[in-house]
Structures are given as C-alpha cells and as structure tokens.
Engineer: 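Got a structure for you, questions after.
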Amino acid sequence: MEEKRVACLYRVSTLMQVEEDDIPMQRRACKEFIEKMPNWKFVKDYCEKGVSGYKKKAIERDKLQEAKEDAKRGVFDVLLVFMFDRLGRREDETPFVVEWFVSQGIEVWSTKEGQQKFDNRVDKLLNYIRYWQAGGESEKTSIRVKEKQTQMIKEGIYMSGSPPYGYRNVKSGVFSKKGIERKKLEIIPEQAEVVKLVYKLSTEEGWGGHRIAGYLNERNIPTQKNSKWSVAVVNYMLRNPIYKGYLTYNKTSVKKNGHQGRVGSKDWILSEKRFDEIAIIDEEEWEKAQKIRESRIPEMYKEKNMDYESYPLSTKSTALFTGFIKCGYCGSKMNGSSSQKKRTLADGTIRYDKKMEYYRCVNKITHGKVTTCSSPKSCYRRKEIEEIVIEEIYKYFNTLRKVDLTEKINSINRKNKSEEEIKLMQINKELKKCEDEFETLKGEIVKSLSGYGNFKPEILSSVLENKEIEINNLKSEKEEYEKIVKKQDNQYKTMLKLKEMIPSWQNEFEKANIGVKRMLLSQIIDEVLVFADKIEIKLKIEMKEFLKYAKDVTEKRRKELKDVKSGNSLNHYLVNYGKSGYIRLYRNNWRRNVESNKR
C-alpha cells in the first residue's frame, strides 16, 4: 500500500482560544486520526492563531496560502483538519478552496466529517451547503455576542478593560454567573481636571488635536501611560462618550478584511441612562466638542457630516474672520497677514513703523505665477473689514431682540418633520419588503442546486443580483434621508440655542478673547465676501430665517401702527388691544384734532 504524506491545518479565531489550548486539542485529534490510518505519515502542519475564517479572505491568510504553495510543489498528499470549518467559514469562497485542493490531487479530510469528494453534483452541493451553514453560524454567533454586550452596556454593566484617561478600575462588588467580580470605573480627580482642560480648549478656544497635544506636552502633563500626548489620543478623548457619563460599545468594528475601522456615531451603543458618578463633562459641552472636531475634516467629506458646518476650520490665526472670509472675485480663502517697515535714521537708529494688518487673497498672491483672480487689490486692511462686519452683526441682533422667535422656530420644525420623516418611514417599509424577498430568493437557489427548485440557477442568480441592487439603492436613499432628518434636528437645536444667545450676544462677544469671538461669529456667519468697493455677509440659514421673520413682523407692526394713527383701524385696535387701548387711542385722536383746530 502506497504511503500518503499528511499535512495538518489548525486554526482558532481569537487569541483567547490559543490561551485556552484549543490548538493543542486540534493537534492531538489530528495525530490520533493519522495513527488510525495504516498508510498515513505526518509531514507538516500549518497553525493559524487568532485568524477569523469568516472575516479574513483566503488570500489574506498566510498559512493557508503557504499550504496551497506546498500543494502545488507536491509536499503532501492529504490535507487534514479537525473540522472542515477550520479551512474557513465564507460561503462565497471556502467551498472553492476545498475544491481547489482536490483539483490538485490532494485528499481533503476532517477528523469528524471524513473525506470531502467531488464525484458528482450532490458532492458539490453538500460542500456548498456545509460552508453556507458555517457562514450562517458565524453570523449568528457574532449577533449573539453583540446582542449580549449591547444589553450589558444599556443596563450599565461595565465591560472592564483598560480604563480611559481620567479613570481607574475598582472592584464593584457585583459578580458574574461564573463568579468573577466585575469592575467599575472611578474618576481620578487630577486627571479629570486635564480632561476638563482639553474640552475647554476645544469648545471655548476652538483648538484642534495637534494644538491641544502640544499644549499638554509643553506643560509636561503625562498621559495614562506616562508618554507624550498625540493628536490621536486627544481626538479619542474628545470623541469618547464616557466623559459625559455614558458607557459605550461598538465605537470600532473589525471588517471582513480583518482591519479595524471606526463606526459612525449613529451606530454607537450607549447605556440607556447617564451615570453621574463617572461624568466629567456635561452633555452640551461634549456635543459642542463633536461639532467642532468634525468641522475640520476635508471639504469633500462635509456632505457626509451635514450637521458639522457651524465652526471655523482654523483658530490659530489672530485674524478674526479666518476660516470664513473669502475673496469676492475668485472665491479663494483670504488669510490674515501683517507687515511692518523698518527705517534707519540718519544717526543710525532703527525705528519700526506701526504694524499694518491685512486680509489677502491666497490666489492673488502667487509670487509671479499666473492667477485667475480679477481683484484690483491683493490686500485689504483687516481693521476696516472687521469693524464694518461687526457693526452690521450688531444691527442684526438689535433687530432680533425686538421679536419673539419661538413660534417661528416651532413652525420650521413642524414643517421639516412632517415631510422628511414620513418619506423615511416609507423607505424603511420598502427596504424591509425587499430584504425579505432577497432571503426567499436565496432559499430558492439552494433548492435549485439540489434539483428540487422551480427555476434555473442562472435565472435566480440574475433576479437575486437585481434585488441586491434595489436593496443597496434603498439603503443609500435611506442614509440620505437620515442625514436630512438629522440635519433638521440639529437646525432646530441651533435655532433654540441662537434664540437664547440673542439678548446677551453682543455683551458676550465684546468680553471674549479672539478665539471665542471667532467661535461665536462662526455660528451665525457662513462666509464674508470681500470686494474692492463692498463687503457681502452671507449668514447661516438659521440667522437668515430669523432676520426674514423679524423683518416681516416689524413691517406688519409698522403697517398696523400706521393704520391706527390714521384712524382707519379702530375696530382692529379694539380687538387686539382691548377696551382700555381703544379709549387711549380715542383720546389721542381727540387731542390731535383739538391741536389742529387751534392752529
């Protein structure tokens, strides 16, 4: 009997399984199986530690690729695994990996399921179904684990790990079903002060991660691990909901390619209640930090973050309008700059003239290169521009202080929600219907492959592909409407906040430092366009709505007053201002008539 050379492949999905001796268990089972086969001889093994057979593609698994190369070179005759799912759990790929080894003349065996052959169509179908089931089990396991962790977080059960900066793990006195005492977070007071400082620099001064990290390093403030601060560490701190008192899960996820990526904030799992004992920052300040941080992403991503458009991109410059001042001729940004002439007097004394500060178009200053800007000037005096714009802003707020904006805000909010939310509900309903149909079609494919279906596999495949396209289109449409609804919700909150700011805005602005002033302006100004003979102020949509409403209300009042003074609307005055108001109006008209007769 000819001797057969046997190679074994072992795999575990997590490093915890390695620690729990899962690999040695697979190795023992394979060795015992080899001993039972009289003409088998072990020659090599391949060990994959912490490699997901579901999330990792075959081409990304080094040991599996090594086994394929060895198979081509004739290193072994039999590939043995503990169970076939050790080869992988991807229904769209693993069946063909098995089939590939068999096509190379390699026998593929499992200690529990025997040999996988491809002698007929039934063998191929069984091979496909095995990995279709394995993929489903992986999905179910992932769903169960995620659901359990989600429930624990929502119930406020801390899933202990390395605590974030500002906290330490302490015993909770609560035990799991396995008798393990759970940990809870406790605030470290001195580190909590640093957290507050980081949020203050972000929300009040508008500083970014790089600048905050540099500030902390200059003052020799250590991180949790006694190392230097980096922009990544600072941004993670500004992003983490733990600081506003919420336990969080699912901030990151591992994709099918095995790489870890960030999850959008709308998909975070937060505890259902706020835990005051671990809150360092209040919720309003935390939300403000998110808007400021996200506003610094590149322009091409702005559309994906429609609620993060209220803050300037830069706060380092001393120029007040940096971030939202542009050239009116070419639309390019304008930067703050300054110049100071040095003069040497007859006696050799050096004297400096008064420093001149400007805004200049970055497209106009090209150092000899061709420019597309048609502006007749390259620089504009900073003080003149800022004084004109600020004076105009003060006028806006004086106008708004004279009217009550509550009804206008509620009216806009009602109109937005009644239209967009209904459309979103319709899309969700249609999406659920399509997803159900998609699952039904997948079931029909299995029937067709086994010879019991009513449709040919190629027809089902085409229908399935079209249905998948329809689902993806609906998901995209759903995502767009979710963005719109979220933007409208943020607009409503912004309007409420702006309404509260109106009475004291000017006073707050005059007392603030340059960074805070820029932050306040950025919440009402969209951009300032500078021309040689004029300045255009483009306001945020909320401010424009308010001013239009205030103008309409003022015009209505002016017209009513004019009608009243002319005596054309006594009945209107009586209805709106009561009997006493009617009497006052009658007396005033009588006095005017008496004075007129005297003249």
Side-chain angles (χ1 to χ4, degrees), residues 158 161-170 184-249 251-252 262-265 268 270-271 274-297 305 307-318 322-323 497 508 511-523:
Y158 174 57
S162 298
Y165 183 88
Y167 302 94
R168 55 175 160 250
N169 286 335
V170 295
K184 67 176 183 179
L185 292 176
E186 181 180 78
I187 292 175
I188 303 173
E190 57 271 24
Q191 290 188 4
E193 292 304 313
V194 177
V195 174
K196 292 176 183 177
L197 173 62
V198 168
Y199 273 82
K200 181 181 178 182
L201 292 173
S202 172
T203 59
E204 294 185 14
E205 303 294 336
W207 288 16
H210 281 287
R211 198 174 178 189
I212 294 173
Y215 180 88
L216 297 175
N217 289 329
E218 286 171 7
R219 283 152 184 77
N220 295 317
I221 299 173
T223 65
Q224 189 90 297
K225 298 179 180 179
N226 288 317
S227 58
K228 292 286 185 181
W229 290 88
S230 67
V231 62
V233 173
V234 172
N235 284 342
Y236 181 78
M237 181 184 289
L238 290 170
R239 182 174 181 253
N240 198 337
I242 193 70
Y243 295 112
K244 62 174 179 174
Y246 287 86
L247 298 175
T248 319
Y249 169 64
K251 294 198 297 297
T252 61
R262 289 191 346 184
V263 174
S265 57
W268 290 352
L270 271 66
S271 55
R274 181 175 187 260
F275 295 92
D276 294 335
E277 63 272 19
I278 61 170
I280 298 177
I281 305 298
D282 64 56
E283 292 192 58
E284 185 178 353
E285 185 175 7
W286 189 88
E287 293 294 343
K288 186 176 181 181
Q290 305 318 297
K291 292 182 179 181
I292 295 170
R293 190 180 64 82
E294 294 293 339
S295 73
R296 292 181 169 86
I297 59 179
N305 298 275
D307 54 325
Y308 301 121
E309 297 180 352
S310 301
Y311 300 90
L313 296 177
S314 172
T315 55
K316 290 182 181 180
S317 173
T318 57
T322 298
K497 187 175 180 181
E508 290 288 330
K511 292 189 301 182
N513 61 39
I514 188 71
V516 176
K517 282 183 177 180
R518 192 181 294 112
M519 298 289 288
L520 289 170
L521 286 172
S522 68
Q523 294 177 49

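Because the structure is a prediction, the values reported are computed rather than measured.
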Engineer: Going through the checks in order, is the side-chain contact (heavy atoms from CB on, under 4.5 Å) test met by Ile281 and Lys196?
Structural biologist: CA-CA 7 Å; Ile281 305 298; Lys196 292 176 183 177; 4.0 Å; yes
Engineer: Return the CZ to OG distance between Arg211 and Ser202, rounded to the nearest 0.5 Å.
Structural biologist: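 Interatomic distance, Arg211 CZ to Ser202 OG, rounded to 0.5 Å: 11.5 Å.
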Engineer: Check Ile187 against Ala279 and note the closest heavy-atom contact, atom names and distance.
Structural biologist: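 So the two residues come closest at CD1-O, 3.9 Å.
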Engineer: Is there a side-chain contact between Phe275 and Lys184 (heavy atoms, below 4.5 Å)?
Structural biologist: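 Result no, sub-4.5 Å side-chain heavy-atom pair not found.
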Engineer: Would you confirm whether Glu218, through its side chain, and Ala213, through its main-chain N or O, come within 3.5 Å as a donor-acceptor pair?
Structural biologist: no
Engineer: Start with the C-alpha gap between Lys244 and Glu287, add the side-chain angles, then the distance that decides, and say whether side-chain contact (heavy atoms from CB on, under 4.5 Å) holds.
Structural biologist: CA-CA 9 Å; Lys244 62 174 179 174; Glu287 293 294 343; 3.2 Å; yes
Engineer: Report the C-alpha separation of Lys288 and Glu285 in whole Å, then their side-chain angles, then the decisive distance to 0.1 Å, and conclude whether the salt bridge (Lys or Arg N to Asp or Glu O under 4.0 Å) test is met.
Structural biologist: CA-CA 5 Å; Lys288 186 176 181 181; Glu285 185 175 7; over 6 Å; no
Engineer: Val194 vs Tyr165, test: side-chain contact (heavy atoms from CB on, under 4.5 Å). Steps then yes/no.
Structural biologist: CA-CA 9 Å; Val194 177; Tyr165 183 88; 3.4 Å; yes
Engineer: Just how far is it from atom OG of Ser230 to atom NE2 of His210, taken to the nearest 0.5 Å?
Structural biologist: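 One finds 9.0 Å between OG of Ser230 and NE2 of His210.
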Engineer: Distance from Asp276 atom CG to Asp282 atom CG, nearest 0.5 Å?
Structural biologist: 11.5 Å
Engineer: Rounded at 0.5 Å granularity, tell me how far CZ in Arg219 sits from CG in Leu197.
Structural biologist: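 Result: 8.5 Å between the selected atoms.
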Engineer: Is the side chain of Gln224 donor-acceptor paired with the backbone N or O of Pro163 at a distance under 3.5 Å, no angle test?
Structural biologist: yes
Engineer: Looking at every heavy atom in both Ile242 and Pro164, which two are closest together, and how far apart are they?
Structural biologist: CG2-CG, 4.1 Å
Engineer: Are more than 12 heavy atoms, taken from residues, nucleotides or ligands other than Lys200, located less than 6.0 Å from that residue's NZ atom?
Structural biologist: no
Engineer: Between Trp286 and Gly245, is there a donor-acceptor pair closer than 3.5 Å when you use the side chain of the first and the backbone of the second?
Structural biologist: no
Engineer: Quick one: CG on Asn235 to CD1 on Ile212, what's the gap to the nearest 0.5 Å?
Structural biologist: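 One gets 8.0 Å once the value is rounded to the nearest 0.5 Å.
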Engineer: Locate the shortest heavy-atom distance separating Tyr199 from Arg239; write the atom from each residue and the value.
Structural biologist: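 Closest heavy-atom pair between Tyr199 and Arg239: OH-N, 4.4 Å.
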Engineer: Hey, what do you get for NZ (Lys228) to CD1 (Ile221), rounding to the nearest 0.5 Å?
Structural biologist: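 Output value for this atom pair is 11.0 Å.
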Engineer: Does any non-hydrogen side-chain atom of Leu216 lie less than 4.5 Å from one of Val198?
Structural biologist: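 SC-SC contact between Val198 and Leu216 confirmed.
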Engineer: Counting only heavy atoms not in Glu283, do more than 12 fall under 6.0 Å of its CD?
Structural biologist: yes
